[in-house]
Amino acid sequence: MKIFLILTLLFSAAVCNAFPQMIRHGYTSCNTCHYSPRGGGLMTDYGRAISKELLSTWSYEGEETWHYGFLKKEDMPSWIKVGGDFRSLQLHSKDDVATIGRFIRMQEQVELGFTYKGTTLSVTAGSDTLKESRPWYLPAFYVISNLTQELSVRVGRFVPRFGINTPEHIFSTRGPLGFGIQSERDTVEVSYINSGWDASVAVSAGELRNGSEADAFYSQLNYSFGTKDRWGMSFEKKTADDRATSVGVHGLMGFTEKLYLVTDTVLRRSETSSTDTLSGLYHFAQLGYELHKGLLVMVLEDIRKDDLSADSTTESMYGLGVTFYPRPHVELQAVWTRRLNLAQSTNEGDYAWFLIHYYL
């Protein structure tokens with residue numbers, strides 16, 4: 001279990017640069033700032049401007065552009081977009097089983113986008129430290145075409161939309177449900193997004209990089225009741241390997257310009273090889289407040305129970321964190337939690353990390 005947790009954090013947010021807390025500023029749709037309807041990854045010019053105006057504490061004119069304006073917008077063809085993410089982490093874990101402290105290089109990734117008349121081709125290249133024989137590979141690529149202002153089709157290898165696309169893949173509704181590290185899969189996805197409704201359907205096939213089959217159907221429906229909230233439901237039906245059906249309810253709420261809530265809860269019904277049926281619960285919630293522009297504090301909880309009939313499958317985590325965006329391109333995060341894993345011990349342990357994230 002310790003090795004699993006380390007590897008999970010090692011590749012935490014391997015494909016994400018999504019900030020769902022932007023709901024407090026009235027951004028209910030991810031594709032306002034990102035080319036992907038799911039959020040994360042390659043940013044639009046508007047998204048870069050927002051990272052300067054609303055997200056960062058300090059900035060100078062043009063600092064939000066690719067590599068601090070090294071390639072100025074006016075010097076680059078309008079059809080070329082460049083992005084990327086580099087993350088590292090200092091991990092601390094202490095409980096009855098072991099004490100772990102280590103520095104981890106999590107992510108080294110560059111993304112190129114090519115746009116033409118409402119169609120975008122995105123290709124992501126990243127380092128793969130799990131396979132020394134192949135240090136670089138292409139984890140994700142897709143073509144997305146905007147058929148109308150509201151309707152788009154995306155085809156390629158990427159993570160389909162399910163729940164809230166938080167960067168923290170260690171949360172129960174991400175990694176444990178198959179939407180975490182290296183979970184890109186061959187997918188066709190159709191999305192319809194307008195000012196109130198946001199809906200998508202998708203099918204996937206082939207294999208994940210861990211070898212498991214990826215045949216599944218997905219759907220998601222979101223609705224914004226106001227300008228600073230979004231509530232939705234997600235559905236997944238896996239038809240190969242660990243056959244399972246998952247239904248989730250998620251919400252984003254911006255109570256004020258400074259106070260926000262992000263929450264996601266999923267019930268999963270899994271069919272095992274012994275034909276028994278297991279029902280699991282997966283939940284996380286984060287309540288945050290902006291003390292000063294670019295400086296946010298948060299409280300969080302995370303609960304995972306793979307089998308509702310067996311207490312030994314329960315894992316929980318709760319704690320405090322601080323996220324700081326001092327300037328465009330830079331994110332710093334410190335989180336301390338108390339974590340309980342009943343499969344290992346009935347006593348809680350410390351679980352903490354310090355994250356450095358640089359995005360192009």
Side-chain angles (χ1 to χ4, degrees), residues 13 16-41 43-44 46-59 64 150 161-168 171-174 191-200 220-234 248-266 283-302 318-326 328 330-335 355 357 359:
C16 293
N17 181 22
F19 302 115
Q21 68 268 27
M22 293 301 287
I23 190 73
R24 60 195 170 88
H25 291 297
Y27 294 100
T28 58
S29 177
C30 299
N31 68 347
T32 301
C33 298
H34 300 274
Y35 283 94
S36 167
R38 178 175 174 263
M43 289 189 293
T44 63
Y46 184 79
R48 288 189 175 277
I50 290 302
S51 73
K52 170 180 176 289
E53 297 299 329
L54 297 181
L55 197 64
S56 304
T57 303
W58 305 287
S59 64
E64 75 282 3
E150 299 172 328
R161 301 179 69 188
F162 186 90
I164 296 176
N165 182 24
T166 64
E168 295 87 359
F171 287 165
S172 294
T173 57
R174 306 314 300 163
S191 297
Y192 178 86
I193 303 173
N194 63 23
S195 58
W197 292 97
D198 175 349
S200 67
Q220 185 175 99
L221 179 65
N222 301 293
Y223 183 72
S224 298
F225 293 91
T227 60
K228 295 183 181 180
D229 67 272
R230 188 180 75 178
W231 293 91
M233 296 184 64
S234 296
V249 178
H250 53 268
L252 303 171
M253 293 192 68
F255 300 108
T256 68
E257 288 286 330
K258 296 181 176 295
L259 182 65
Y260 69 90
L261 172 69
V262 178
T263 182
D264 200 355
T265 302
V266 178
H283 165 79
F284 96 91
Q286 182 184 105
L287 181 66
Y289 183 79
E290 185 182 56
L291 294 175
H292 182 70
K293 182 185 175 185
L295 179 62
L296 293 86
V297 294
M298 59 187 174
V299 294
L300 62 89
E301 67 169 357
D302 187 82
Y318 62 92
L320 304 171
V322 177
T323 302
F324 183 36
Y325 305 95
V330 179
E331 175 190 6
L332 305 174
Q333 184 184 81
V335 177
L355 172 83
H357 173 209
Y359 59 95

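FYI, the numbering just counts along the sequence from 1. Computed from a predicted structure; not experimentally measured.
- Screening Asp264, Leu300, Val266, Thr265 for a side-chain contact (heavy atoms from CB on, under 4.5 Å) involving Phe284 leaves a single residue, Asp264.
- Side-chain N or O atoms of Arg174 include none that pairs as donor or acceptor with a backbone N or O of Gly163 at under 3.5 Å.
- Taking all atoms of both residues into account, the shortest heavy-atom contact from Ile193 to Arg161 is CD1-NH1, 4.4 Å.
- Between the OH atom of Tyr325 and the NE2 atom of His357 there is a distance of 9.0 Å, given to the nearest 0.5 Å.
- Nearest approach of Pro328 to Trp58, heavy atoms of both residues: CD-O, 3.3 Å.
- For the pair Val330 and Phe324, the minimum side-chain heavy-atom distance is 4.5 Å or more.
- Applying the ring pair (Phe, Tyr, Trp, His ring centres under 6.0 Å) test to Phe225 and every residue at least two apart in sequence or in another chain returns Tyr223.
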Under the side-chain contact (heavy atoms from CB on, under 4.5 Å) rule, what do Leu221 and Asp198 come out as? Steps first, then yes or no, please. CA-CA 6 Å; Leu221 179 65; Asp198 175 349; over 6 Å; no
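- Checking side-chain atoms of Ser224 against main-chain N and O of Arg230 turns up no donor-acceptor pair under 3.5 Å.
- Counting heavy atoms from C-beta on, the side chains of Tyr192 and Ser200 never come closer than 4.5 Å.
- Taking NZ of Lys258 as the reference point, atom CD of Glu290 lies at 4.5 Å (rounded to 0.5 Å).
- Without hydrogens or angle criteria, Lys228 side chain to Tyr260 main chain gives no donor-acceptor distance under 3.5 Å.
- With rounding to the nearest 0.5 angstrom, the CG atom of Leu252 is 8.0 Å from the CG atom of Asn222.
- Between the CD atom of Glu331 and the OG1 atom of Thr323 there is a distance of 6.0 Å, given to the nearest 0.5 Å.
- Between the side chains of Gln220 and Ser234, a donor-acceptor pair is found at a separation under 3.5 Å.
- Taking 4.5 Å as the limit, some side-chain heavy atom of Val262 sits within range of a side-chain heavy atom of Ile164.
- In this structure the side chain of His283 never reaches within 4.5 angstrom of the side chain of Asp302, judged on heavy atoms.
- The shortest distance between side-chain heavy atoms of Glu64 and Glu53 does not fall below 4.5 Å.
- When side chains are defined from C-beta on, Phe255 counts as touching Leu261, because their heavy atoms get closer than 4.5 Å.
- Atom CD1 of Ile50 and atom CG of Leu55 lie 9.5 Å apart (nearest 0.5 Å).
- Panel note: side chain Arg24, backbone Leu259; no donor-acceptor pair is recorded below 3.5 Å.
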Before you tell me yes or no, could you show the steps for Thr263 and Met253 under side-chain contact (heavy atoms from CB on, under 4.5 Å), namely the whole-Å CA-CA distance, both residues' side-chain angles and the distance that decides it to 0.1 Å? CA-CA 9 Å; Thr263 182; Met253 293 192 68; over 6 Å; no
